[in-house]
Amino acid sequence: MPTIEARRQAMSQVAVVSRQYGSTTLSNVGRANMGGAERYVRELRTESCTPYLIALQVAAVSGKFCLTFMQQFSTDAYLDAFLGELREQGITWEITGRHPMEIASIAEVRRCLTCEALKQV
């Protein structure tokens, strides 16, 4: 899609269908390649704005898988069920942080990029 608005239009129906049927998504971000600095990295969080009710981002760093579980509602029922499944499979886990997801708007990102560009002049 050539423009951000075209992408937004194309995805607009995904949000409607996702909320209607309770869709989820799993995204494998992949392995981070941080060279020699990797041994100092404890975790890698990847968060993104998504129309899906539940989204799971998977990334790997320092020999660990890092999962970011994002949901658009406040109950812990689905998170608890997911963690229970991991436990049943013998997979140990640690919750390293919880917070409301905050994603900058496109306008904010553009404003920051403009400020950065001006600082370099």
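Position 1 is the first residue of the sequence; numbering continues from there.
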Using the test side-chain hydrogen bond (donor to acceptor under 3.5 Å, both in side chains), find all partners of T92 that sit at least two apart in sequence or belong to another chain.
-> none
For E85, which residues count as a side-chain hydrogen bond (donor to acceptor under 3.5 Å, both in side chains) partner, sequence neighbours excluded?
-> none
For side chain to side chain contact (heavy atoms under 4.5 Å, CB included), just list the numbers for L67 and L56, CA-CA rounded to whole Å, side-chain angles, deciding distance to a tenth of an Å, and then say yes or no.
-> CA-CA 7 Å; L67 307 176; L56 182 64; 4.0 Å; yes
Could you tell me which residues satisfy side-chain hydrogen bond (donor to acceptor under 3.5 Å, both in side chains) with E94, sequence neighbours excluded, listed by chain and number?
-> R42
Rounded to the nearest 0.5 Å, how far apart are CD of Q71 and CG of L53?
-> 9.5 Å
Which residues share a ring pair (Phe, Tyr, Trp, His ring centres under 6.0 Å) with Y40, sequence neighbours left out = none
Mind checking what makes ring pair (Phe, Tyr, Trp, His ring centres under 6.0 Å) contact with F65, not counting sequence neighbours?
-> none
For R98, check side-chain contact (heavy atoms from CB on, under 4.5 Å) against everything at least two apart and list the hits.
-> D76, L79, I95
What residues form a side-chain contact (heavy atoms from CB on, under 4.5 Å) with T75, not counting sequence neighbours?
-> F73, A77
Hey, what do you get for CZ (F82) to CH2 (W93), rounding to the nearest 0.5 Å?
-> 10.5 Å
